[in-house]
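Comments concern the structure below.
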Amino acid sequence: MDLDSLDVQDTSNRMLRMMAEAFGLKGICIERSMGEGKEKTSDEENQIIWYYEKGGDLALHYLQELEKPGSVCGSSIGMGPVLETVVQRAPILHLSNGDKNRGISRFRQILKAVEARSSQEIRVTLARELVEVLLRGICDRNYFAPVVENESGTVSRFMTLPSAHPGMRHSLSRQSLKPKMYSTDSRPSHCPMELIFVPKSRNEEVLLLLLICELQVSKDVVLNRSPEFSGARRESIMNIEAVYDLLSIFLVRMSQFNMLSETFDRSMKFSSEEFHLWYQFALSLTCAGKYARAVLVLQECHRLKPTNASVLMMAAKICFKHLAQIDEGIEFCRKVVALQKKQLYTARAYMMLGIGEAMKAGEATLNKERQQYHKQSLEALKTAECLDRQDHLIAFHYALQLAHSRQIPEALEKIRTALSLCSEHAESLHLLALLLSSQKLFNDALKVIKGAVEQYPDNTSMLFTMIKLEEIVRGPDEALMTCKTMLSMWKKTHDDIMHSDTFQGMVLIEKVGSDKRSMAHVHISELKDRDSGSIHNSLAASRVEQALSEVASSMGSYIPKPGSQQVWYTQAQIWLSTAEIYLAVGKLSEARSCMQEAVSIFPLSHQILHMLGCIHDHKGELTVAKKYYDNALAINPSYVKSLQNLGMVYLEQQNYTMAEKLLKDAVNIDPTSHVSWNHLGRILMSQGEYETASEFLMTSLELESTAPIVPFRVIPRIL
């Protein structure tokens, strides 16, 4: 039988299927007869593709005919393996020949065919393959949008047709039965042309295809858990995982983490006992900032795979870094240690256990408990170092904990080890500069921090440390010049975020705009300052709301700045540093001007209120200064600087009882602050307790000899 000259205009459904299979089988036979090692001519390749396209069109038309009323067994007969291969093969051959545009056009042509129930599975497969091609093989510059045609084949007036590709017109000119296509004529009569959605960019088309795939695989999932359906259920879950993996890749590129977490949330109704989907859900929740729920999902992942150490490590990281659930994080680390199977995770688990114990020490109120936690932290970090001596993070955290314990020579040895393992680690360089400053080697510390800033010019924490060192080594003028440079850098960063045309920039603005929390909660929990102690919730709970209402009422209505609040917080910190320098040289009016800028950004910040109190303190306006210090402590009861200054105000007012109480609180919060011990000694000396006062003053001198230029806690415990 000569297939090329066969008349296929008026045939039965059975004959349609037979002819579709015949065209497809002929294409398969010709392709295999030529062999894989032989080079095919363009005419031979076009001939093979033509048979596949002809068979594919007939197969789709056959499935559409089965859906018509009166057709026998229309819903029970599927495509079969031969027709599925025929439909998929043509676009794949176009792609393998390097003709991506023709391959994409063929994918779209098949997907535009009017859907039949029997073709739903193959449509999902083709849509997934098209998504992979668009994501991996097409850039935005080479992308051409799909076109909308009416029944006569004319392109819609508001779309442009890409240039015809060689060879395609040849296959379309032959007499053939084409499947019915979705077109502008098939739209509802009340729907105008302008409301028909047609993807205009690669991202729009990918997202549309993935959402359609998600809808289809969610409908087709096998929920019956009986043993006889286990194979079908496993296959449906694999299809779901493939679609959700592609969704994850695409939405993560677009920074659409909220949309991704909501998508996985919908999948939970059929994802029971499926570890992969649960773990992806936990990752999406973490990226979306929904940390509390992410930990709950990770606990379910741990139940599904009790020996998976990475799940426990991630849960511990979230507990430490975002939720301040230190006890829970320590428990997760201990579970990893108990596994004792993977040395890589065991060493890191001991490291995180040491970090957790150090965080517990920061929250402890009794000196005995604090010392015990410090000891346990050092022991855990030492064990981690013994297990993995090539991990620079373990050496860094070991050095940081030694620095907090004021074991400066040992800390210097460990931080040099960390830098020998990774010389470009920013936090290790920062810690080295602080350790040198604690030994009063300010010139060496400034050289180190300047070299680190050259490598990491956007690291604001190191820039603030450099300002302090420049003020001591080279004077306030150079420090002020650095502040001016930082303001210029901030303006550039802010402009890039607010005026960027990139999708990621828009996502960032949307994320900030959708944050409905009060600014007070943002300041306290997320924008943690450089030199305050840990926040004791038991002390702050009853006073925070009252203080915020008083401050807000005294300053009038407050509207948060648009954009990223972290960026605005950085600007406020720059103004604070500038005001401190002006205040140190006695330029109160300039300091006041800087504070006015800071107040316009974050009027409810305890740091800003504290600095306003310092300005009034320098003017001798103790009553006004006391009010600002009180408000700062109401927002953050652990702010040591305000405790110190308010205690000295009470000393000036000869209220020794309150002064002594405040300074003892400051010493209890941060026993390594030599300023607190010095002030407490002066207060006791004013009360005639000379022996105790001399002990406190000696303690202050000992601590001052190892005190860095800024507290060691400005360096984060990175995980």
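No hydrogens, no waters, no symmetry mates; every other heavy atom, side chains included, goes into these values. It should be emphasised that the depicted structure is a prediction, and the values quoted were computed from it without experimental measurement.
Take P306 and apply the side-chain contact (heavy atoms from CB on, under 4.5 Å) test, not counting sequence neighbours, and it matches H302. Checked against side-chain contact (heavy atoms from CB on, under 4.5 Å), A418 has the following partners two or more places apart in sequence or in another chain: A395, F396, I415, S428. Listed by chain and number, the residues in a side-chain contact (heavy atoms from CB on, under 4.5 Å) with E204 are F197, P199, K200, S201 (sequence neighbours excluded). Looking at residues two or more places apart in sequence or on another chain, you find no ring-ring contact (aromatic ring centres under 6.0 Å, His included) involving Y456. Residues that satisfy the side chain to side chain donor-acceptor pair (under 3.5 Å) test with R233, not counting sequence neighbours, are absent from this structure. Under the side chain to side chain donor-acceptor pair (under 3.5 Å) criterion, E205 pairs with R108, Y143, not counting sequence neighbours. Applying the side chain to side chain donor-acceptor pair (under 3.5 Å) rule to K290 yields the partners S261; only residues at least two apart in sequence or on another chain are considered. For D391, the side chain to side chain donor-acceptor pair (under 3.5 Å) partners at least two apart in sequence or on another chain are R348. L283 is linked by a side-chain contact (heavy atoms from CB on, under 4.5 Å) to Y279, Q280, M314, counting only residues two or more places apart in sequence or in another chain.
Side-chain atoms of R123 come within 3.5 Å of backbone N or O of A113 as a donor-acceptor pair. A distance-only check finds no donor-acceptor pair linking the side chain of S377 to the backbone of Y373 [under 3.5 Å]. With S255 contributing its side chain and L251 its backbone, the two residues share no donor-acceptor pair below 3.5 Å.
Smallest separation of non-hydrogen atoms from L381 and Y398: CD1-CA, 3.9 Å. Residues A282 and A294 come closest through the heavy atom pair O-CB, 3.9 Å. What you find for A349 and V337 is that their closest heavy atoms are CB-CG2, 3.9 Å. Taking each heavy atom of L298 and V311 in turn, the nearest pair found is O-CG1, 3.3 Å. Closest approach of W568 to F602, counting heavy atoms only: C-CE1, 4.1 Å.
Residues in residues 133-143 take part in these salt bridge (charged side-chain N to carboxylate O under 4.0 Å, His left out) pairs, two or more places apart or across chains: D140-R202. Here salt bridge (charged side-chain N to carboxylate O under 4.0 Å, His left out) pairs that include residues 214-223, with residues two or more places apart or in two chains, are E214-R266. For residues 318-332, the set of pairs meeting the salt bridge (charged side-chain N to carboxylate O under 4.0 Å, His left out) definition, not counting sequence neighbours, comprises D327-K360.
Counting only N and O atoms by type, the side chains of Q216 and Q120 include a donor and acceptor under 3.5 Å apart. Of the N and O atoms on the side chains of E357 and Q401, not one donor lies less than 3.5 Å from an acceptor on the other residue. Inspection of the H430 and N459 side chains reveals no N or O donor paired with an N or O acceptor under 3.5 Å.
At most 12 heavy atoms of other shown residues, nucleotides or ligands fall within 6.0 angstrom of atom CD in E121. In M238, the CE atom is not crowded: 12 or fewer heavy atoms of neighbouring residues, nucleotides or ligands sit closer than 6.0 Å.
A salt bridge links E241 and R234; the closest N-O separation between the charged side-chain nitrogens and carboxylate oxygens is under 4.0 Å.
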